[in-house]
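What follows is a short report on a single structure.
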Amino acid sequence: MLAKTASLLVAASVVAIPSLATTTPTIQTISKDVVIVGGGAAGAYAAVRVREDYGKSIALIERESHLGGAVDTWTDPKTGVPYELGVEAFLDYGNATKFFSRFNVSVHVSEQESVNTQYADFSTGHWVNYTVPTAAERLAAFQKYAKLAEQYEDMMLPGLWDFPTADKIPEDLLLNFGDFARKYGIEAAVPTIWDVAAVGLGNLETQPTFYVMQSFPAPLARVYTGKGRTLYVASHRNQDIYDRVSDLLGDDVFYSNVVVRALRTSNGVSVIAKGTDGRQTEIHAKRLLIAIPPTVSNLAPFNLDKKELNILSKTTYTRAYAGGVVSSNLPSNTTIINSALSGNWLNFPDLSFLQWYKALNSPAHYHKVMMFGNETVDSDGSRGLVEQSYQQLVNAGTLLKEGGEGLEWLHFADHGAVNVRACLKDLKAGFIQELYSLQGHLSTWYTGAAWSAQLHTPTWAFSDSVIPRLVEGL
Ligand SMILES: Cc1cc2nc3c(=O)[nH]c(=O)nc-3n(C[C@H](O)[C@H](O)[C@H](O)COP(=O)(O)OP(=O)(O)OC[C@H]3O[C@@H](n4cnc5c(N)ncnc54)[C@H](O)[C@@H]3O)c2cc1C
Ligand SMILES: *[C@@H]1O[C@H](CO)[C@@H](O)[C@H](O)[C@H]1NC(C)=O
Ligand SMILES: *[C@@H]1O[C@H](CO)[C@@H](O)[C@H](O)[C@H]1NC(C)=O
Ligand SMILES: *[C@@H]1O[C@H](CO)[C@@H](O)[C@H](O)[C@H]1NC(C)=O
Ligand SMILES: *[C@@H]1O[C@H](CO)[C@@H](O)[C@H](O)[C@H]1NC(C)=O
Ligand SMILES: *[C@@H]1O[C@H](CO)[C@@H](O)[C@H](O)[C@H]1NC(C)=O
């Protein structure tokens with residue numbers, strides 16, 4: 001990790017901004033063309049392309065000890081079998097297949113799942129008398145939804161560079177999604193839209209259609225009309241792609257590091273990264289690429305200016321957590337989905353909630369859990385949602401008490417902020433243009449889900465669209 005220092009110190013004067021090292025004990029200073037913060041989907045992808053395809057030197061700062069962000073392959077220590085407790089599947093979008101093949105990671109398009117699905121209201125613990133849309137109803141609804149979403153595809157993907165200004169935003173995108181769904185008679189698609197990708201918005205009925213479509217864009221809708229594809233990693237280890245990215249990037253990644261201070265000007269940046277081991281590194285770079293969710297608290301170390309604070313303070317976000325649990329009382333091969341008691345296709349629980357106990361293809365009652373909370377729900381709070389929901393189901397007699405033991409955690413992960421969004425009023429007033437006006441401001445560029453779609457491979461494609469702008473003039 002600490003290699004290359006000698007040669008890079010020579011170039012350290014390229015960026016003519018004052019050193020931050022005066023007040024902090026810095027053990028090394030390096031200089032790069034681009035410093036990237038966040039080695040999740042968008043950041044790790046960008047790191048590969050900026051260095052390998054554009055020939056620019058990089059440093060990538062990642063908080064965790066591995067790359068991949070929401071990818072969370074957990075290996076059962078008892079059996080050695082891997083389970084995907086984060087990202088499961090990759091939409092075939094943009095250059096995704098090329099990126100997998102570049103790293104010799106085989107992907108295929110179908111994955112058989114054989115589980116039963118049941119519906120319960122986790123706030124009361126009772127089964128919900130839920131009538132699932134028939135396959136024909138769902139297909140018809142997705143055909144309509146895909147057509148509607150395709151009207152806006154070019155202005156929304158891979159990013160919002162060409163999104164219409166305030167008064168030109170299509171009215172439909174500003175409708176509450178419940179009204180939109182009723183207007184076009186697409187109710188039968190909504191349970192899938194929520195379950196697969198828009199769950200982080202909570203109760204979809206009252207969300208602006210724009211944000212639902214950002215979570216469930218046209219290319220994903222086409223998967224449900226038979227015109228699009230989802231990719232699965234053949235090894236059943238999604239982490240494989242990022243482990244190979246990791247091997248390639250080598251010492252250019254600073255793992256278990258976060259930025260603690262930064263100085264940014266229109267001529268370049270200087271950031272101080274600090275590792276969990278206490279080591280500090282001062283990185284001078286001509287450009288900064290921020291690939292973590294752009295919330296005010298995440299960006300606090302970057303010393304946001306008035307313009308940045310003014311724009312980013314308009315956002316709210318959802319906190320996402322996930323993990324695995326086991327209990328002999330959770331029926332094997334049965335997924336229990338949290339549903340509103342009404343059984344209505346447009347009703348979903350309000351934030352904060354547990355989405356489901358999703359059966360993992362395991363012989364041992366393993367279930368995946370995914371929790372979505374408002375800004376106040378921390379790790380303990382999200383675990384609490386899983387434990388309380390379980391208790392409710394047991395107390396209501398919905399889960400038959402088969403074994404004496406309760407619920408045990410196998411694995412838990414904090415996935416940080418998702419669905420970074422502004423309110424309808426700000427959206428109508430031109431928030432998207434304001435947000436995008438930050439691209440390039442103070443040598444700082446941005447990538448990630450908040451700028452494109454809440455899906456893995458569209459954020460890769462968004463990085464493809466940022467990089468030429470980012471490296472211009474380097
Ligand atoms: C549980 C879960 C399951 C998902 N499943 C799917 C799926 O099956 N298919 C799909 O298409 N999409 C899925 N998504 C959505 C998709 O994975 C995300 O939208 C995508 O990862 C977003 O990419 P990103 O680069 O914006 O953020 P991330 O991939 O989350 O990357 C952010 C990175 O920044 C790091 N980081 C955060 N803060 C700091 C800091 N201060 N300093 C340094 N590093 C920091 C994080 O550790 C992380 O590596 C899922 C999301 C979640 C949360
Ligand atoms: C990614 O796709 C775009 C077009 O969608 C293309 O212009 C670009 O060259 C591709 N990049 C790579 C690395 O293949
Ligand atoms: C992928 O395989 C090719 C051919 O076997 C090899 O040349 C290349 O180095 C491999 N790349 C990676 C990233 O493993
Ligand atoms: C469940 O819903 C169906 C269809 O709406 C209805 O016919 C049935 O009586 C309901 N059952 C119960 C137990 O409420
Ligand atoms: C956030 O979620 C918690 C837990 O569900 C809830 O108690 C609280 O009222 C919510 N706060 C807001 C502002 O919605
Ligand atoms: C669950 O399903 C998997 C695959 O279909 C099977 O191997 C396993 O035995 C099943 N478990 C139980 C308890 O039925």
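First listed ligand is number 1; within each ligand, the first listed atom is number 1. Just the heavy atoms: all of them, side chains too, but no hydrogens, waters or symmetry mates, feed the values below.
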### Query
For atom 7 (C) of ligand 1, which candidate among Gly448, Ala89, Ser452 provides the closest heavy atom?
Ala89

### Message
Nearest non-hydrogen contact with atom 47 (O) of ligand 1 belongs to which option: Arg63, His415, Glu62, His66?
### Response
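The residue whose heavy atom sits nearest atom 47 (O) of ligand 1 is Glu62.
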
### Query
Which of the numbered atoms in ligand 3 are below 4.0 angstrom from a heavy atom of Arg102?
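Counting atoms of ligand 3 from 1, those under 4.0 Å from Arg102 are 13 (C).
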
Would you tell me whether [X] and [Y] have side-chain atoms, one donor and one acceptor, within less than 3.5 Å of each other?
X      : Y      : value
Thr192 : Arg138 : yes
Thr316 : Glu375 : yes
Trp409 : Glu387 : yes
Asn333 : Asn116 : no
Ser463 : Thr447 : yes
Tyr255 : Ser246 : yes

For ligand 1, which atoms have a heavy atom of [X] less than 4.0 angstrom away?
X     : answer
Gly86 : 3 (C)
Gly39 : 49 (O)
Ala42 : 25 (O)
Glu64 : 47 (O)
Glu88 : 7 (C), 8 (O)

Around [atom], find the nearest protein heavy atom and jot down its residue, atom name and distance.
atom                    : value
atom 11 (N) of ligand 3 : Asn104 ND2, 3.1 Å
atom 51 (C) of ligand 1 : Ala70 CB, 3.7 Å
atom 22 (C) of ligand 1 : Ala449 CB, 3.9 Å
atom 29 (O) of ligand 1 : Ala41 N, 3.1 Å
atom 13 (C) of ligand 1 : Val87 CG2, 3.9 Å
atom 31 (O) of ligand 1 : Gly40 CA, 3.1 Å
atom 19 (O) of ligand 1 : Gln454 C, 3.5 Å
atom 42 (N) of ligand 1 : Val258 CG1, 3.7 Å
atom 16 (C) of ligand 1 : His456 N, 3.8 Å
atom 1 (C) of ligand 5  : Asn374 ND2, 1.4 Å
atom 4 (C) of ligand 5  : Ser352 OG, 3.7 Å

### Task
Select one of side chain, backbone, both or neither to describe which atoms of Arg244 lie under 4.0 Å from any atom of ligand 3, heavy atoms only.
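For Arg244, there is no contact with ligand 3 at all, from either part.
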
### Task
Could you tell me whether atom 9 (O) of ligand 3 has at least one protein heavy atom nearer than 4.0 Å?
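Not a single protein heavy atom is under 4.0 Å away.
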
### Query
Does the protein put a heavy atom less than 4.0 Å from atom 5 (N) of ligand 1?
yes

### Task
Verify side-chain contact (heavy atoms from CB on, under 4.5 Å) between Phe302 and Glu308, making sure each step is shown before the conclusion.
CA-CA 10 Å; Phe302 295 90; Glu308 293 167 327; over 6 Å; no

Would you call [X] a ligand 1 contact, heavy-atom distance under 4.0 Å?
X      : result
Ile61  : yes
Val259 : no
Ile292 : yes
Ala291 : yes

### Cation-pi check, Arg49 onto Trp460 ring (under 6.0 Å, within 45° of axis)
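Judged by the rule (NZ or CZ under 6.0 Å from the ring centre, within 45° of its axis), Arg49 is not positioned above Trp460.
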
### Task
Examine Arg383 relative to Phe412 and say whether NZ or CZ is less than 6.0 Å from the centre of the six-membered ring and inside a 45° cone about the ring axis.
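Satisfied, under 6.0 Å and within 45°.
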
### Working for salt bridge (Lys or Arg N to Asp or Glu O under 4.0 Å), residues Asp33 and Lys56
CA-CA 6 Å; Asp33 290 320; Lys56 306 299 172 196; 5.6 Å; no

## Note on the structure
From the list Phe348, Trp356, Tyr357, Tyr390, ring-ring contact (aromatic ring centres under 6.0 Å, His included) partner of Phe122 resolves to Tyr357

### Atoms of ligand 5, numbered as shown, that sit under 4.0 Å from any heavy atom of Thr376
1 (C)

Any ion pair linking [Y] and [X] (charged N to carboxylate O, less than 4.0 Å)?
X      : Y      : result
Glu153 : Arg222 : yes
Arg237 : Asp240 : yes
Lys32  : Asp252 : yes

### Task
Walk me through it: do Lys307 and Asp305 pass the test salt bridge (Lys or Arg N to Asp or Glu O under 4.0 Å)?
CA-CA 6 Å; Lys307 169 187 161 92; Asp305 73 7; over 6 Å; no

### Full working for salt bridge (Lys or Arg N to Asp or Glu O under 4.0 Å) between Lys227 and Glu150
CA-CA 12 Å; Lys227 294 193 176 122; Glu150 278 165 358; over 6 Å; no

